Amino acid sequence: MKSGWVDSEAQAAIDRYAAQGIGRDLAARVYTTRLLGRDPKLVLHGGGNTSVKTIVPDLLGEEVAVLCVKGSGADMAVIEPAGLPAVRLDRLAQAARPHRTHRRGHGARSARNLLEPAAPNPSVETLLHAFLPHKFVDHTHANAILSLVDQPDGEAICADLYDGRMSVVPYVMPGFALAKMAADVYDAKPDVEGLILHKHGIFTFGDSARDAYERMIALVTLAEGRLQRNRTAVFVTAQLPQAIAPLTVVAPILRGACSRKDAKIEGAWRRLILDFRTGPDIMNFVGGADIARYSQAGW
Ligand code: ZN
């Protein structure tokens with residue numbers, strides 16, 4: 001997995017948003033959120049979330065410390081600053097690290113302390129973003145991370161792979177309990193680059209948008225490498241005949257097999273026009289001994 005960060009593009013985003021009155025922090029936040037969102041191996045539509053802690057003027061013009069955190073359901077690939085509603089950080093801090101009070105409703109109520117009442121609801125993981133001290137926090141459900149943590153010994157695999165660079169948070173449903181659990185895990189080793197959430201995903205953080213983003217790329221890349229290393233050959237190629245029938249022989253047979261009786265005209269058939277495509281990936285797929293099983297998927 002390669003970093004998509006380009007200095008000139010980051011600066012262009014900051015300049016473009018500055019012209020709209022958007023601060024540098026939020027502009028940089030939008031830039032790397034989009035970088036994360038455009039890679040389906042990191043983020044599928046609507047999933048994942050990011051945040052930045054910054055200072056903005058409230059409706060009365062007073063400067064307040066806020067957490068701008070991605071709203072629920074927003075698509076990170078095309079997010080705009082309005083997709084990261086500002087929540088007052090002081091209220092969130094009370095809820096997320098409530099001298100560890102266990103009042104469940106407290107966090108949810110505070111999460112609605114939006115600066116702009118019409119803004120979209122912040123992510124359910126808002127509290128987790130809030131308690132982390134870092135300015136920029138990135139969260140994804142990256143494929144490679146899920147592939148590791150969904151294994152029976154996923155926690156042990158991650159502990160071995162990240163060798164102290166990441167802490168592992170046991171599985172808890174997203175919400176107040178997860179935020180509190182993650183806070184405890186983070187407090188125990190505050191020099192980590194991120195958190196692995198068992199059966200859930202990954203958090204990375206940093207003091208700049210670039211740091212948090214580059215850590216996400218580097219740490220997910222490590223997970224990808226680990227998966228490659230452990231890959232066993234489960235794909236068996238079928239025994240293929242020496243000479244494969246030419247397309248001119250096969251195509252009419254396929255066309256006949258795919259034709260359907262026309263329900264409206266007695267005795268007529270509806271026939272398709274076929275488009276022949278091939279390539280290494282397609283040959284790999286159709287040459288598998290197990291094609292009858294996996295070609296069912298998606299039908
Ligand atoms: Zn999540």
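All figures in this text were calculated on a predicted structure; none of them were measured in a lab. In each ligand, atom 1 is the first atom listed, and ligand 1 is the first ligand listed.
- Taking the six-membered ring where the residue is Trp, the centroids of H134 and H129 are separated by 6.0 Å or more.
- Checking D15 against Q11 by side-chain atom types alone, a donor-acceptor pair falls below 3.5 Å.
- Looking only at protein N/O/S atoms, the ones less than 2.8 Å from the Zn ion (ligand 1) make 4 in total.
- Between S51 and F136 the shortest side-chain heavy-atom distance does not fall below 4.5 Å.
- Taking the ring centroids of F203 and H139, they lie under the 6.0 Å cut-off.
- Heavy atoms of other residues, nucleotides or ligands lying less than 6.0 angstrom from CZ of R16 number more than 12.
- Shown are V87, L84, L89, V30; of these, the side chain to side chain contact (heavy atoms under 4.5 Å, CB included) with C68 is made only by L84.
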